[in-house]
Every structure is written in C-alpha cells, then in structure tokens.
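As the structure lists them, so they are numbered: ligands from 1, and atoms in each ligand from 1. Keep in mind it's a predicted model, so treat the numbers as computed, not measured.
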Amino acid sequence: MEEREQIRQAEFVTGIIGTDTILLDGIPQVAFVGRSNVGKSSIINSLVSRKNLVKSSSTPGKTTEINFFLINGERYFVDLPGYGFARMKAKGAEKIRKLILWYIGSGEAHPRLVVLIVDAGIKPMPQDREMADILRQEEIPFVVVANKVDRLNQSERTRNLKEIEAILGCAILPYSAKKNMGKGELLSIVLAA
Ligand SMILES: Nc1nc2c(ncn2[C@@H]2O[C@H](COP(=O)(O)OP(=O)(O)OP(=O)(O)O)[C@@H](O)[C@H]2O)c(=O)[nH]1
Ligand SMILES: [Mg+2]
C-alpha cells in the first residue's frame, strides 16, 4: 500500500510585512491567498491537523501579516492576509492589497505554488479573477480551492463549482476545512510543490 504523505511537523517562524531575510533562505514557499474570511488560515490548520497553529476567526481581516510556517522542516506554508474586506478602511485595504501584490508579483518571494481559495457558496469576485490573471501573467503555478462546501447540498455544490470554474477559467478542488474534505488531494499537491 502506498504510504500517505503526512505533515509531521509544523511551526510558526515569522510574520513579515515587506522585504525580509526569510525570502533568501532557499526554502520553497507554498502560499495561501484569497478574499478575507474564505478560510485560508483554517485550511492550513486542516492540512497540518492542528486546530490553532494559525489563528482563524469569524471576524474578517484576522490575518494582517504574511505568516511563514515551516512544514516538515523542508517548506513553508505562507498564510497571507485576505483581500476585499469591505468593512476595512480604504487605507488599510489598500495597504493589504499592495502587500499581497508585492508578495505575488515583485519577484522577491517567488512562491513555488499558490493555493487560491474561494468560498464555494459565493460567486467569485472581480478580485478573485484579478488574482488568477496575475498568477497566470507571472507564470506562478496555482491551484484553486473552493472551501466551505460543507454548507452546500449536492445540487448547489455541482452548480456553484461549475460556475466558479467558468468564471476563473480553471479546474477547482472542492474543500471543507471544517470536515477535512479534499484534504488528501490538497495535501499531495502542496507537498509535491
Ligand atoms: N462551514 C465552514 N466554515 C469554515 C470553513 N473554513 C473556515 N470556516 C470559517 O470561516 C471563518 C474564517 O476563517 P479563517 O480561516 O479565519 O479565514 P481567513 O481566510 O484566514 O480570513 P482572513 O485572515 O481574515 O483573511 C471562520 O469563522 C471559520 O471557522 C469550512 O470549511 N466550513
Ligand atoms: Mg487568515
């Protein structure tokens, strides 16, 4: 029987808000990006089988720095702040947008793989399309994950996933951080990166 890839070790290393020496250490980065509150931090917790390695919250805008977690001593999972948080002051939202675009597009961080997360129950927003377009432009490999499918019934799932695929122009992986659905598949993708 094939041995399942596992995460044996996960530890918080640092949070950054711009240029940092961690970007120079040669350890590959897998980044988790998406709108605020879609469950980026929860997905990382589900992958590492820890409830609270990464702080998650029902209040959008929880993550404000770019947080690095060392996984199995060999790669980083990078938890980014969420974009498109409507209630955030314009200045703060712009700052976060710039921080994300710097991480994705400046060439300083060069993530190996980006996990672009959307909410399976919500139509992708223009910012999600923009993010997918930027990733294609920068030629950064990415995978799209539709989280919170546990909230949908089977027919809603099928319909929404199709619609999200059409809008973002790529295949998506249904996921539930709450129920650990899709975990095996996403785990093998992020550990292969
Ligand atoms: N039902 C359900 N709720 C989820 C799931 N994943 C996350 N949530 C909830 O969604 C809320 C936001 O989760 P976070 O992981 O903090 O989201 P985030 O994308 O990191 O948010 P920011 O850091 O603010 O950008 C929390 O209340 C989670 O419990 C899921 O798969 N199913
Ligand atoms: Mg978060």
Got a donor-acceptor contact below 3.5 angstrom from the [X] side chain to the [Y] backbone?
| X | Y | result |
| --- | --- | --- |
| Arg75 | Ala193 | yes |
| Glu185 | Gly182 | no |
| Asp79 | Asn67 | no |

| With respect to atom 18 (P) of ligand 1, which of Lys40, Lys178, Met181 exhibits the smallest heavy-atom separation? | Lys40
| For atom 4 (C) of ligand 1, the option (of Arg151, Lys179, Lys148) bearing the nearest heavy atom | Lys148
Going by distance only, is there an N or O of [X] that falls short of 3.5 Å from an N or O of ligand 1?
| X | result |
| --- | --- |
| Asn147 | yes |
| Leu80 | no |
| Pro81 | no |
| Ser41 | yes |

| Residue Ser36, metal the Mg ion (ligand 2), N/O/S under 2.8 Å | no
| message | What I'd like to find out is whether the side chain of Phe68 reaches to under 4.5 Å of the side chain of Leu23, using heavy atoms alone. | response | yes
| query | How about Ile164 and Asp128: do any of their side-chain heavy atoms sit closer than 4.5 Å? | reply | no
| said: Distance under 4.0 Å to a non-hydrogen atom of Gly82: what atoms of ligand 1 satisfy this? | reply: 25 (O)
| request: Could you list the atoms of ligand 1 found under 4.0 angstrom from a heavy atom of Val38? | output: 19 (O)
| note | So CZ of Phe142 and CD1 of Ile104: to nearest 0.5 Å the spacing works out to 10.5 Å
| field | Single hit among Lys98, Gln29, Glu108 for side chain to side chain donor-acceptor pair (under 3.5 Å) with Tyr103 | value | Gln29
| said: Taking a cutoff of less than 4.0 Å between a non-hydrogen atom of the residue and any ligand atom, is Gly34 in contact with ligand 1? | reply: no
| note | Closest to atom 32 (N) of ligand 1 among protein heavy atoms sits Asp150 OD1, 2.7 Å
